[in-house]
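What follows is one structure encoded as structure tokens, with my remarks underneath.
In this chain, numbering begins with 1 at the start of the sequence shown.
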Amino acid sequence: MSVEKVALVTAGGSGMGAAAAKRLAQDGFAVAILSSSGKGEALAAELGGIGVTGSNQSNDDLKRLVDLALERWGRIDVLVNSAGHGPRAPILDITDEDWHRGMDTYLLNAIRPTRLVTPIMQKQKAGSIINISTAWAFEPSLMFPTSAVFRAGLASFTKIFADTYAADNIRMNNVLPGWIDSLPATEERRQGVPMQRYGTSDEIAGTIAFLASKDAAYITGQNLRVDGGITRAI
């Protein structure tokens, strides 16, 4: 079965990933969702798409998602890379093993599926890859050390990828959310945001939908902050 546009969403069973899948489906994309919890399969069924229960830390699970999408629809136009939560601890208390877990969670989570979809997008002469990163990628927070370190690396990867594949009309951009309603809310954090509120997963999904659209066809290699102004001075 061939359709006009297809989006893959990893770690898409809940939170910002799930919101992105719903919004892309609303915008006319056929969606394939990977999640470790089984929620992605349920959401994909609701949206008329494909769901795979597996991990974005498994090349085999990711390949299964890609292969199923190709088998059903014959193309892949958009890849959205979401992530779970990596290790958190005081910076020098983080073990070697946990640093490696952080890299798997926040950097390789995007690199692995990108390896799989890029040759497909090259044949199509078009594609958009969007990574959900963090507002603290460039001004790191003590609260999220492994996230900040490896998502700073993701920003570099994104720029190199964008330079390498721009001529193939394949774009890669990062969305950098601040405090979003998929996280537990605290008054202290809310007060630290100039807009005086948490953002919503739907607002992040709207940004992703824009970057996936033809309206963003000239945008690549960028890190777009969606944080209510919390990192406005950076």
Side-chain angles (χ1 to χ4, degrees), residues 3-34 40 43-44 47-49 69 73 75-83 109-110 113-114 117-118 120-121 124-138 151 154-155 157-159 161-163 165-183 193-195 197-232 234:
V3 296
E4 206 168 298
K5 49 188 181 177
V6 176
L8 272 54
V9 182
T10 67
S14 60
M16 292 179 280
K22 292 174 187 175
R23 174 58 188 269
L24 290 168
Q26 179 184 319
D27 288 354
F29 283 84
V31 294
I33 303 170
L34 176 78
L43 177 58
L47 300 175
W73 297 306
R75 61 184 300 114
I76 295 170
D77 301 280
V78 170
L79 168 65
V80 178
N81 290 312
S82 188
N109 75 299
T114 294
V117 304
T118 298
I120 298 161
M121 292 177 172
Q124 297 167 178
K125 284 293 182 184
S128 176
I129 300 172
I130 302 141
N131 305 313
I132 301 178
S133 180
T134 177
W136 293 276
F138 302 107
R151 281 166 162 167
L154 179 60
F157 175 84
T158 295
K159 290 177 185 293
F161 179 92
D163 287 349
Y165 292 101
D168 292 313
N169 197 32
I170 303 172
R171 301 180 292 110
M172 179 181 281
N173 294 287
N174 297 328
V175 175
L176 278 56
W179 296 121
I180 301 300
D181 62 1
S182 57
L183 296 168
V193 180
M195 292 188 75
R197 68 174 178 86
Y198 273 50
T200 69
S201 294
D202 286 343
E203 287 170 324
I204 300 303
T207 305
I208 290 168
F210 165 67
L211 289 172
S213 74
K214 292 180 180 178
D215 290 336
Y218 204 50
I219 301 174
T220 192
Q222 302 303 310
N223 293 278
L224 182 56
R225 295 184 178 95
V226 189
D227 64 5
I230 198 168
T231 53
R232 64 202 177 284
I234 300 169

Q) side chain to side chain donor-acceptor pair (under 3.5 Å) between N81 and N109: does it pass, once the steps are laid out? A) CA-CA 7 Å; N81 290 312; N109 75 299; 5.6 Å; no
**Q.** Contact summary for I180 and V226, nearest pair of heavy atoms
**A.** CD1-O, 4.4 Å
Q | Reported CG-to-OG1 distance for the pair L211 and T207, which is rounded to 0.5 angstrom | A | 7.0 Å
Q: Please name the pair of heavy atoms, one in A212 and one in S128, separated by the smallest distance, quoted to 0.1 Å.
A: CA-OG, 4.0 Å
Q) CG/L154 to NZ/K159 distance, rounded to the nearest 0.5 angstrom? A) 11.0 Å
Q. Can you find a heavy atom in the side chain of V78 that is under 4.5 Å from one in the side chain of K5?
A. no
Q. What heavy-atom pair brings A21 and I33 nearest, and what distance separates the two atoms?
A. CB-CD1, 3.7 Å
(Q) Main chain of V6, side chain of D77: is a donor-acceptor contact present, judged purely on distance under 3.5 Å? (A) yes
Q.
Using the side-chain contact (heavy atoms from CB on, under 4.5 Å) criterion, which residues pair with A18? Sequence neighbours excluded.
A. L43
Q. Which atom names give the shortest non-hydrogen contact between W179 and I230, and what distance separates them?
A. NE1-CD1, 3.6 Å
**Q.** Among N173, T10, N223, N174, the one residue meeting side chain to side chain donor-acceptor pair (under 3.5 Å) with N131
**A.** N174
Q.
Under the rule for ring-ring contact (aromatic ring centres under 6.0 Å, His included), what residues qualify as partners of F210, not counting sequence neighbours?
A. none
Q: Just jot down the salt bridge (charged side-chain N to carboxylate O under 4.0 Å, His left out) partners of D27, sequence neighbours excluded, or say none.
A: R23
Q. Do you know the tightest heavy-atom contact between A137 and S133?
A. CB-OG, 4.1 Å
Q) With side chains defined as the heavy atoms from C-beta onward, is the minimum distance between I170 and V117 less than 4.5 Å? A) no
**Q.** For D168, salt bridge (charged side-chain N to carboxylate O under 4.0 Å, His left out) partners two or more places apart
**A.** K125
Q | With F157 via ring-ring contact (aromatic ring centres under 6.0 Å, His included) - residues at least two apart | A | none
Q | Flag for S201-D181: side-chain donor and acceptor within less than 3.5 Å | A | yes
Q) Mind checking whether M16 and V175 have side chains closer than 4.5 Å, heavy atoms only? A) no
Q.
Holding to salt bridge (charged side-chain N to carboxylate O under 4.0 Å, His left out), I want the full list of residues that pass it with R171, two or more places apart in sequence or in another chain.
A. none
**Q.** Shortest non-hydrogen contact between L24 and A7, atoms and distance
**A.** CD1-CB, 3.8 Å
Q.
Are I76 and M121 packed together at the side-chain level, in the sense that at least one heavy-atom pair is separated by less than 4.5 angstrom?
A. yes
Q. Between atom CD1 of I130 and atom CD1 of I204, what is the distance when rounded to the nearest 0.5 Å?
A. 12.0 Å
Q) Do T220 and F161 come close enough that some side-chain heavy atom pair is under 4.5 Å? A) no
